[in-house]
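Below, read A as the first sequence line, B as the second, and so on, with proteins coming before strands; counting in each chain starts at 1. Only heavy atoms go into these numbers, but all of them, side chains included; no hydrogens, no water, no symmetry mates.
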Protein chains: 2
Amino acid sequence: MLTADQSNQLAEMFRLLGETSRLTLVTHCLEGPLSVGELTRRSGLSQSLVSHHLRLLRAARLLRAERSGKQVFYAIPDCHVREMLTNMIEHMVEPRGAANELMSEEAEP
Amino acid sequence: MLTADQSNQLAEMFRLLGETSRLTLVTHCLEGPLSVGELTRRSGLSQSLVSHHLRLLRAARLLRAERSGKQVFYAIPDCHVREMLTNMIEHMVEPRGAANELMSEEAEP
DNA sequence: TCGATGTATGAATATGTGTTCACATGTTTT
DNA sequence: AAAACATGTGAACACATATTCATACATCGA
């Protein structure tokens, strides 16, 4: 299937999305390109921390940066990332129909 | 966009996929349903650890369990998860064409 | 060219959290 | 009872996050 290297790289991407604050930065960008200042305002984090997060997301190509004057706008880079996110959001809000018959064990009661 | 609760739930799913060993269990299941024993063999992990991981993935509905005789087979539960994974795999193997013009900064040197 | 604004980066730390192992026990099916 | 799998607990270990501060870089307007 996947080489060990590819698995690591893929896991790395998911790990980046696995932190609420970082994920929120990405989902905000689903609406359209947003400046760092705007992301800082919406997230309530410090500008420094936002920048640190964006740097990681950029390196993993989960976000794309584009400068416009003094500001830098971040956006979803391509349809793969966009569709991946919308798929996961749909999966989340989806009715949990008989999720697991085996042993009645749920994440949330 | 998303409520704080939804963001947490979504991040939780990504976090589960953000560990190489767990992700490998999931990607193996892309080929088709696999028994715990088979997954243990392929992953090289202990059966106990595999079971722990599968439990988490099941609870998040990233995998679905089905018993067949003595064995339990795990599979991708629906098309959302399957498409999400294939999208991410495509994104990963995609040519990194001008990933980030802003500051020449790469993930791997 | 200087100052203001917007953004990036580096370093250092404290803290938290998850992964993994090892062992034991429980459950379901043959 | 045996085989296959699930679950629980606790300890060791590694890593990542948040945080702050300081500094550097980029762009624009005066």
Represent DNA chain D in dot-bracket notation, 5' to 3'. Only Watson-Crick or G-U wobble pairs with both distances under 3.5 Å count; pseudoknot-style crossings use [ ] and interstrand partners use |. ||||||||||||.|||.|||||||||||||

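Within residues 23-31 of chain B, no residue approaches DNA chain D, by heavy-atom distance under 4.0 Å.
Thr3(A) meets the side chain to side chain contact (heavy atoms under 4.5 Å, CB included) test with Asp5(A), Gln6(A); sequence neighbours excluded. Residues meeting the side-chain hydrogen bond (donor to acceptor under 3.5 Å, both in side chains) test with Glu38(B), sequence neighbours left out: Arg41(B), Arg42(B). Legend: residues meeting side chain to side chain contact (heavy atoms under 4.5 Å, CB included) with His52(A), ordered by chain and number and at least two apart, are Ser48(A). Scanning for side-chain hydrogen bond (donor to acceptor under 3.5 Å, both in side chains) contacts around Thr20(B) gives Asn8(A), with sequence neighbours left out. Listed by chain and residue number, nothing satisfies the side-chain hydrogen bond (donor to acceptor under 3.5 Å, both in side chains) test with Glu19(A) (two or more places apart in sequence, or in another chain). With sequence neighbours left out, Glu83(B) forms a salt bridge (charged side-chain N to carboxylate O under 4.0 Å, His left out) with no residue at all. The side-chain hydrogen bond (donor to acceptor under 3.5 Å, both in side chains) test applied to His80(B) returns Glu90(A), Glu94(A), not counting sequence neighbours.
Within the structure, every pair that satisfies the salt bridge (charged side-chain N to carboxylate O under 4.0 Å, His left out) test and touches residues 6-16 of chain B, not counting sequence neighbours, is listed here: Glu12(B)-Arg15(B).
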Between side-chain atoms of residues 27-34 of chain A and protein atoms elsewhere (two or more places apart, or another chain), which donor-acceptor pairs fall under 3.5 Å?
residue  : atom : partner  : partner atom : Å
Thr27(A) : OG1  : Leu23(A) : O            : 3.2
Thr27(A) : OG1  : Thr24(A) : O            : 3.1
His28(A) : ND1  : Thr24(A) : O            : 3.2

Taking only nitrogen or oxygen atoms into account, show me every contact under 3.5 Å that the protein makes with nucleotides 13-19 of chain D, one pair per line with its distance.
residue : atom : partner  : partner atom : Å
dT17(D) : OP1  : Arg22(A) : NH2          : 2.5
dA18(D) : OP1  : Ser21(A) : OG           : 2.9
dA18(D) : OP2  : His53(A) : NE2          : 3.0

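Cluster annotation: Val36(B) and Phe73(B) are assigned to distinct hydrophobic clusters (Ile/Leu/Val/Met/Phe/Trp/Tyr, side-chain heavy-atom contacts under 4.5 Å, transitive).
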